[in-house]
Amino acid sequence: DAGVTQSPTHLIKTRGQQVTLRCSPKSGHDTVSWYQQALGQGPQFIFQYYEEEERQRGNFPDRFSGHQFPNYSSELNVNALLLGDSALYLCASTPRRGWNTEAFFGQGTRLTVV
Amino acid sequence: DQQVKQNSPSLSVQEGRISILNCDYTNSMFDYFLWYKKYPAEGPTFLISISSIKDKNEDGRFTVFLNKSAKHLSLHIVPSQPGDSAVYFCAASFQGGSEKLVFGKGTKLTVNP
């Protein structure tokens, strides 16, 4: 079982550019959530996808958008990048019908905006 | 408004002794609590969890205690080992963990040989 895989692991972008991050969930999981972890902070919830739809959203602007594919993999898109978007972006997967079950995290994508 | 708080940014203990990490929360609707461990350049790794209907859960060297009236939980590691050195995050959720996780800022644990 490969667990949750994310790509790329590191990325450097320029202010104003757009970026796409990718995530494949753990086998048997159909729900994907994205988190942003700034330096010295805990992960902050961005949004959650299930059945190819955004089900929950945290306090992030519309520049952050996502997509889930029929195979449950997911993308996070960020438009008009700001310096403050520099962070570790984490993907987590869970089984939707799970109860009292933990989320599994990928290793993250380190995004640096210059 | 920070709903989950870890007030100690760091903790240092000697190998073999007990490590106690604390976490407070404000939202009484949370029904599932988790602890994650994170090494640099890696994603968080699940450690142990507890449902709001329980007050204690054990897994080997790790025990989590939940005090709902105080809205407080703690993670005990006994005995502590140098390999336990990492950042520990407390997280809370609704609907048994199927909804978003709300994380604290983390506590960096250092276990000295």
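Every chain is numbered from 1, with letters handed out A, B, ... down the list of sequences.
- When all heavy atoms of Gly106(A) and Pro44(B) are compared, the closest pair comes out as O-CD, 4.5 Å.
- No chain of hydrophobic side-chain contacts below 4.5 Å, direct or via other Ile, Leu, Val, Met, Phe, Trp or Tyr residues, connects Phe65(B) to Ile20(B).
- Heavy-atom neighbours of Arg63(A) CZ from other residues, nucleotides or ligands within 6.0 Å: above the threshold of 12.
- Note that CG of Leu101(B) and CD of Gln48(A) are 9.0 Å apart. Values are rounded to the nearest 0.5 Å.
- Note on Ile50(B): it clusters hydrophobically with Tyr25(B), by side-chain heavy-atom contacts below 4.5 Å among ILVMFWY residues.
- Between Lys100(B) atom NZ and Tyr35(A) atom OH the span is 9.0 Å, to the nearest 0.5 Å.
- Distance OG1/Thr45(B) to CD/Glu102(A): 11.0 Å, rounded to 0.5 Å.
- Taking a 6.0 Å sphere around CD1 of Ile18(B), one finds it holds more than 12 heavy atoms contributed by other residues, nucleotides or ligands.
- When the shell of 6.0 Å around CG of Asn71(A) is examined, it contains more than 12 heavy atoms from other residues, nucleotides or ligands.
- Placement of Ile46(A) and Leu111(A) within a single hydrophobic cluster is found when ILVMFWY residues are connected by side-chain heavy-atom separations under 4.5 Å, directly or transitively.
- Applying a 4.5 Å heavy-atom cutoff, the residues of residues 102-113 of chain B that approach chain A are Phe103(B), Gly104(B), Lys105(B).
- Most heavy-atom pairs under 4.5 Å with chain B, from the set Gln107(A), Arg55(A), Gln44(A): that is Gln107(A).
- Around the CZ atom of Arg57(A), the shell of radius 6.0 Å holds more than 12 heavy atoms that belong to other residues, nucleotides or ligands.
- For the options Gly108(A), Pro43(A), Gly42(A), heavy-atom pairs under 4.5 Å to chain B are most numerous at Pro43(A).
- Annotation: maximal heavy-atom pairing with chain B below 4.5 Å, among Gln6(A), Gln56(A), Arg110(A), occurs at Gln56(A).
- In the hydrophobic clustering of ILVMFWY residues, with side-chain heavy atoms under 4.5 Å counting as a link, Tyr72(A) and Phe47(A) come out apart.
- Inter-residue side-chain proximity for Phe46(B) and Phe105(A) is flagged as unmet; no heavy-atom pair is nearer than 4.5 Å.
- Contact residues of residues 75-92 of chain A toward chain B are Leu88(A), Leu90(A) (heavy-atom distance under 4.5 Å).
- Between Tyr36(B) and Ala103(A), the shortest heavy-atom contact is OH-O, 2.6 Å.
- Taken together through direct or relayed side-chain contacts under 4.5 Å among Ile, Leu, Val, Met, Phe, Trp and Tyr, Val19(A) and Val114(A) form parts of separate hydrophobic clusters.
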